Amino acid sequence: MVGMIRRVHKWHFLHLLSTCLVLSGIMVCWDKLSVIPYHYLGLGPSFKINSWTISREEACKFSDHHYLINHKDKCESDNVLLLLFVKSSPQNFARRQGVRLTWGNESYIESELGVSVKVLFVLGVHSQPESRRLIQSQLYQEDQKYHDLIQQSFIDSFHNLTTKLLLQFNWAHTHCSLAQFLMSTDDDMFIHMPNLVHYLQQVNQVGARDFWVGRVFINSGPVRYKSNKYYVSPQLYPWVTYPAYTGGAAYVVSRDVASRIHQASLTLNASIHIDDVFMGICALVIGVTPEAHDFFSGERKSPYHPCIYKQMITSHGHETDLQELWKKATSPEVQNVDSGFTGKLYCSLTKLRLLCSPFNLNTYPCKPSTIF
Ligand SMILES: *[C@@H]1O[C@H](CO)[C@@H](O)[C@H](O)[C@H]1NC(C)=O
Ligand SMILES: *[C@@H]1O[C@H](CO)[C@@H](O)[C@H](O)[C@H]1NC(C)=O
Ligand SMILES: *[C@@H]1O[C@H](CO)[C@@H](O)[C@H](O)[C@H]1NC(C)=O
């Protein structure tokens with residue numbers, strides 16, 4: 001009898017132990033499980049594109065804002081290679097000035113690179129009603145001087161970025177439909193304009209259709225922590241993964257894609273405020289998938305080095321060092337830094353050291369194609 005009780009206890013104990021192990025295993029892996037694309041495994045509700053379709057009248061309401069500042073004829077010349085939208089906020093005067101003095105200088109691009117690029121800053125109105133009047137009058141002055149702002153009447157905020165996206169594609173469709181490429185970027189980005197232009201010219205030679213390039217996110221999903229900036233409620237987005245998209249900080253699409261995205265947006269529910277995710281939804285509708293480019297940076301600043309400047313396209317998080325970086329990254333020495341056997345070896349070793357260092361995660365990937 002006593003022996004039997006002992007056996008039962010032992011059995012119970014083992015049972016308890018194994019249950020605990022399984023449970024703790026699940027808890028440890030929970031974070032990782034939540035990124036599994038359940039809809040591929042048939043485990044969750046499947047993503048239905050139809051549920052985003054709404055009538056034209058309803059979709060119209062998402063972009064029903066009037067222009068306060070516009071330049072309808074900015075794009076009149078017929079040979080525009082790139083229409084470049086810089087998402088900016090009304091109060092970011094200094095950042096816009098930094099862009100004008102460096103990579104956003106249209107005359108520099110025209111004279112040095114021999115192509116036409118049109119740069120426009122895209123804005124809503126300042127979010128604080130108390131400061132709005134003053135800032136607005138400063139914006140009018142700024143625009144008098146540089147003629148490069150477009151502004152609509154919606155409130156400029158993180159949660160209105162999809163509205164800003166609709167503005168860009170709508171403007172491109174209405175006023176610049178012949179530009180070969182459309183790019184959208186932020187006012188704290190560094191763009192290596194010579195590298196970008198050469199790259200786009202190469203793409204153009206093989207005929208750019210269905211082209212969408214940037215930093216690609218696949219199988220990322222909505223953040224469900226309410227305190228997070230990127231929080232999206234299950235009501236707004238019930239699925240666990242987003243369609244593939246490029247980071248909103250910098251991406252380029254070809255003319256045909258820009259036009260079809262615009263068409264798609266005319267019957268889509270734009271209530272999801274994360275603009276790059278909305279772009280992913282539009283692209284899914286038109287059947288275009290994004291292509292990754294290693295030298296479109298992640299969220300961090302690119303390492304400062306001539307071997308990197310030789311290949312970089314974009315770099316994130318530049319507010320005060322644009323002019324210094326622009327000068328260094330476009331200086332003539334950079335062109336020869338990796339020439340010859342020793343130059344190649346030197347740059348490969350340097351990139352190995354810089355890109356594979358844990359301090360430079362989320363800049364450009366550490367992999368053979370970026371190193372060699
Ligand atoms: C833009 O570039 C041109 C040509 O290189 C130069 O003359 C001009 O000063 C630059 N403008 C600004 C605002 O830096
Ligand atoms: C977005 O803009 C609209 C129009 O100005 C405004 O009513 C709304 O409050 C804004 N949303 C956010 C989250 O700022
Ligand atoms: C758009 O989607 C949101 C969130 O799912 C929903 O609340 C809203 O009713 C939808 N709008 C239309 C016009 O269907």
Side-chain angles (χ1 to χ4, degrees), residues 45 47-68 84 86-87 89-91 93-119 121-129 131-132 135-136 142-143 145-149 151-167 190-191 193-194 197 222 224 226 229-239 242 264-275 277-278 281-282 285 322-327 329-332:
F47 183 89
K48 287 198 190 66
I49 204 72
N50 288 348
S51 61
W52 295 90
T53 309
I54 55 176
S55 70
R56 266 172 188 263
E57 292 70 39
E58 280 169 324
C60 228
K61 291 178 191 151
F62 288 104
S63 52
D64 188 19
H65 306 281
H66 63 274
Y67 283 97
L68 296 170
L84 206 172
V86 185
K87 292 174 274 184
S89 293
Q91 67 280 12
F93 298 102
R95 290 193 190 180
R96 288 191 289 278
Q97 199 54 21
V99 171
R100 289 186 189 107
L101 290 170
T102 57
W103 55 265
N105 180 346
E106 289 176 357
S107 354
Y108 170 91
I109 300 168
E110 187 109 43
S111 64
E112 297 296 317
L113 307 172
V115 294
S116 167
V117 173
K118 301 293 174 187
V119 181
F121 296 96
V122 195
L123 316 160
V125 297
H126 194 265
S127 54
Q128 247 67 56
S131 340
R132 196 172 295 155
I135 292 207
Q136 195 58 33
E142 181 184 348
D143 189 62
K145 204 160 170 190
Y146 302 106
H147 314 286
D148 59 3
L149 307 183
Q151 185 191 33
Q152 275 189 342
S153 57
F154 61 86
I155 290 172
D156 199 298
S157 69
F158 176 74
H159 283 84
N160 267 340
L161 275 175
T162 298
T163 308
K164 203 174 262 190
L165 180 132
L166 293 171
L167 160 57
F190 177 83
I191 297 181
M193 202 47 85
V197 164
R224 302 292 196 202
K226 285 209 170 111
K229 182 180 176 190
Y230 294 98
Y231 170 74
V232 166
S233 71
Q235 287 74 37
L236 198 54
Y237 193 93
W239 303 285
Y242 290 137
S265 75
L266 297 178
T267 53
L268 284 176
N269 185 335
S271 60
I272 181 136
H273 54 272
I274 303 182
D275 56 338
V277 171
F278 180 71
I281 295 170
C282 292
V285 171
L322 271 188
Q323 291 187 61
E324 197 190 335
L325 180 57
W326 174 249
K327 216 167 147 193
T330 57
S331 80

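Because the structure is predicted, anything quoted here is derived from the model rather than measured. Remember, it's 1-based here, ligands and their atoms both numbered in the order they're listed.
With a 4.5 Å cut-off on side-chain heavy atoms, L236 and S271 count as touching. The shortest side-chain heavy-atom distance between N160 and Q152 does not fall under the 4.5 Å cut-off.
Residues Y237 and P222 come closest through the heavy atom pair CD2-CG, 3.8 Å.
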Tell me which donor-acceptor pairs under 3.5 Å the side chains of residues 107-116 have, and how far apart each pair is, sequence neighbours excluded?
unit_1 : atom_1 : unit_2 : atom_2 : d
S107   : OG     : N105   : OD1    : 3.3
S111   : OG     : S107   : O      : 3.0
S111   : OG     : Y108   : O      : 3.4

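R96 is linked by a salt bridge (Lys or Arg N to Asp or Glu O under 4.0 Å) to E142, counting only residues two or more places apart in sequence or in another chain.
An N or O contact shorter than 3.5 Å is missing between S107 and ligand 1 by distance. The N/O atoms of E58, backbone and side chain alike, include none that comes under 3.5 Å of an N/O atom in ligand 3.
Between Y230 and F158, a ring centre-to-centre spacing shorter than 6.0 Å is recorded.
Using a distance-only test at 3.5 Å, with no hydrogens or angles considered, no donor-acceptor pair links the side chain of T267 to the main chain of T53.
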What does the contact table look like for ligand 2 (nitrogen or oxygen on each side, cut-off under 3.5 Å)?
unit_1   : atom_1 : unit_2 : atom_2 : d
ligand 2 : 2 (O)  : I155   : N      : 3.4
ligand 2 : 2 (O)  : N160   : ND2    : 2.3
ligand 2 : 5 (O)  : I155   : N      : 3.0
ligand 2 : 11 (N) : N160   : ND2    : 3.1
ligand 2 : 14 (O) : S157   : OG     : 2.8

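Sorted by first and then second residue, the salt bridge (charged side-chain N to carboxylate O under 4.0 Å, His left out) pairs involving residues 154-165 (not counting sequence neighbours) are D156-K164.
D143 contributes atom CG, which lies 11.0 Å from atom CZ of F121 (distance to the nearest 0.5 angstrom).
In summary, the atoms of ligand 3 found under 4.0 Å from a heavy atom of L236, numbered by their order in the structure, are 4 (C). Near N269, with a cut-off below 4.0 Å to any heavy atom, the atoms of ligand 3 are 1 (C), 2 (O), 3 (C), 8 (C), 10 (C), 11 (N), 12 (C), 14 (O). For ligand 3, the atoms lying closer than 4.0 Å to a non-hydrogen atom of Q235 are 5 (O). Those atoms of ligand 3 that come under 4.0 Å of a heavy atom in S271, given as number and element, are 1 (C), 2 (O), 3 (C), 4 (C).
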